[in-house]
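Below you'll find the structure, written out as structure tokens, and then a few comments.
When reading the values below, keep in mind they use all heavy atoms of this one structure, side chains included, and skip hydrogens, waters and symmetry mates. Order of appearance sets the numbers: ligands from 1, and atoms from 1 within every ligand.
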Amino acid sequence: MPDSVMMNRSGMVSKIHTRIRTDTFKSSYDLVGKELGRGKFAVVKKCVEKSTGKEYAAKFLRKRRKGQDCRVDIINEIAVLESAEANPFVVSLHEVYETTSEIILVLECAAGGEIFNQCVADNDEAFTEKDVIRLARQILTGVAGLHRNNVVHLDLKPQNILLTSSRPLGDIRIVDFGLSRCVDSVEEVREILGTPEYVAPEVLNYEPISTATDMWSIGVLIYVMLTGASPFLGEEKQETFLNISQVNVDYSQDVFDGVSSLAVDFIKSLLLKNPRKRATAEECLKHPWLNGHSSPLPHLRNPLRSSLDEPETSPSESEPESPAPS
Ligand code: ADP
Ligand code: MG
């Protein structure tokens, strides 16, 4: 099975309000620094608007992909960004440019980068459970807003959840609406595949897609943020798909060492095979894990530290002070 395919285009939005500029992007913006990131069909670069000196992220999208005209997909991405304009946790769209080969989205720059980096990091760099609780609330508030507008993201994963700053840890910005769909149409949305590790069982079975499809991905996302481990990832793609369709998840103490049982309970309410049984974003926001009902939270994956706000001490610092020489 391919990584990511779109076999039908139901649920796409084709009306946009943003004026598409056809003058030269480079006459209004300077590209600065290195690339911010890249995906399969896009490169994202930091830029500065000459007239204001403000920093943005320019997403360069190729219109032709594998010999196919994909302009409608890009227009859909723009339309979804427009519909989420008032959503504080969705990246905002500043301007759009079009050339013969590309469309350029000038987006708010999320300078803290992908939460992916802190999901795979060890010790000091990794999120604490307290961090994850705050970020999860923001992700769920953002996704609840999308779902209220009948928009499903369909590609929620750590590479598409960015931070306004990394140290100190800032706020969430949801990006990459390239696979997003509107689910209020009469026509059912099926057969869209996101990223294998994060994809819900109904997507693999070509069953209808709904807002619950995103909720599965959020379950996987929170699992990864808390444990640093990807719950369904197998040696090969087929094994990953089998793990997903069998909902083969490890909730053992081994994996969740130092994580509260409320967090585990929260994840269990999302990683359910039947989409109708999964918690909605609004229900998740009411879960006790996100509402301060847990006991003091230990630091994750850091055996040196045992309680939340304790400063890190090295062994020498914790030894009694030697008497001052007289
Ligand atoms: P793709 O559809 O190709 O995956 P994305 O929109 O996910 O494109 O962008 C690719 C990467 O570029 C992201 O994973 C992220 O690292 C970076 N990126 C995207 N948008 C922004 C932004 N607004 N600010 C900072 N970095 C960004
Ligand atoms: Mg992406």
Side-chain angles (χ1 to χ4, degrees), residues 2-6 12 18 25 29 31-49 54-66 68 70-82 84-85 87-97 101-121 135 138-139 142-143 146 151-167 169-181 192-199 214 217-218 220-221 224-225:
D3 269 4
S4 166
V5 285
M6 280 179 282
M12 302 239 295
T18 309
F25 167 78
Y29 294 87
L31 291 174
V32 289
K34 59 170 179 51
E35 230 174 80
L36 289 168
R38 68 165 61 223
K40 237 182 277 356
F41 304 108
V43 184
V44 181
K45 294 174 181 168
K46 193 189 265 188
C47 62
V48 172
E49 190 174 36
K54 280 178 77 176
E55 280 186 351
Y56 291 95
K59 180 174 180 180
F60 296 80
L61 288 140
R62 283 212 318 271
K63 286 194 276 186
R64 282 196 83 75
R65 301 165 187 177
K66 296 180 182 160
Q68 271 210 326
C70 289
R71 193 175 187 275
V72 286
D73 297 273
I74 304 169
I75 296 300
N76 174 69
E77 181 168 350
I78 295 169
V80 172
L81 283 167
E82 285 179 354
E85 200 181 23
N87 191 320
F89 300 113
V90 168
V91 77
S92 64
L93 177 66
H94 180 57
E95 283 199 301
V96 178
Y97 285 82
S101 59
E102 287 177 321
I103 292 184
I104 308 165
L105 309 186
V106 184
L107 301 159
E108 164 193 8
C109 184
E114 305 170 9
I115 62 165
F116 179 79
N117 302 320
Q118 273 135 299
C119 288
V120 294
L135 299 180
Q138 296 189 350
I139 294 167
V143 170
L146 294 173
V151 168
V152 285
H153 186 285
L154 298 178
D155 203 12
L156 293 170
K157 57 178 175 180
Q159 293 86 345
N160 291 336
I161 309 283
L162 309 186
L163 292 163
T164 54
S165 74
S166 61
R167 277 178 169 230
L169 197 57
D171 297 319
I172 286 295
R173 291 293 182 269
I174 301 169
V175 301
D176 195 357
F177 292 82
L179 292 182
S180 297
R181 290 295 183 276
I192 300 162
L193 220 58
T195 305
E197 284 168 77
Y198 293 84
V199 117
D214 279 344
S217 307
I218 291 176
V220 181
L221 187 68
V224 174
M225 289 172 83

Checking side-chain contact (heavy atoms from CB on, under 4.5 Å) between Ile174 and each of Asn87, Leu156, Val91, which is the one that passes? Leu156

Here's a test for you: under side-chain contact (heavy atoms from CB on, under 4.5 Å), which of Leu162, Leu81, Leu36 qualifies with Leu107? Leu81

Test of understanding: with side chain to side chain donor-acceptor pair (under 3.5 Å), list the residues that count as partners of Arg62, not counting sequence neighbours. none

Are there any protein N or O atoms under 3.5 Å from the N or O atoms of ligand 1? List them with distances, or say none.
unit_1	atom_1	unit_2	atom_2	d
ligand 1	2 (O)	Lys59	NZ	3.4
ligand 1	2 (O)	Asp176	OD1	3.0
ligand 1	2 (O)	Asp176	OD2	3.0
ligand 1	3 (O)	Gly39	N	3.4
ligand 1	4 (O)	Asp176	OD2	2.8
ligand 1	6 (O)	Lys59	NZ	2.7
ligand 1	7 (O)	Asn160	OD1	2.9
ligand 1	7 (O)	Asp176	OD2	2.9
ligand 1	8 (O)	Lys59	NZ	3.3
ligand 1	14 (O)	Glu114	OE2	3.0
ligand 1	14 (O)	Gln159	O	2.7
ligand 1	16 (O)	Glu114	OE2	2.5
ligand 1	23 (N)	Glu108	O	2.8
ligand 1	24 (N)	Ala110	N	2.9

Just to verify, what does Phe89 make a ring pair (Phe, Tyr, Trp, His ring centres under 6.0 Å) with, not counting sequence neighbours? none

Would you check if Leu31 and Phe25 make a side-chain contact, meaning some heavy-atom pair closer than 4.5 Å? yes

Are side-chain heavy atoms of Lys59 and Asp176 found at a separation under 4.5 Å? yes

Gln118 and Ser166: side-chain donor and acceptor closer than 3.5 Å? no

Do Tyr29 and Glu95 get their side chains close enough for a donor-acceptor pair, meaning under 3.5 Å? yes

Taking NZ, NE, NH1 and NH2 as the nitrogens, is one of them in Glu55 or Lys46 under 4.0 Å from a carboxylate oxygen of the other? yes

Protein N/O/S count near the Mg ion (ligand 2) (criterion: distance under 2.8 Å): 2

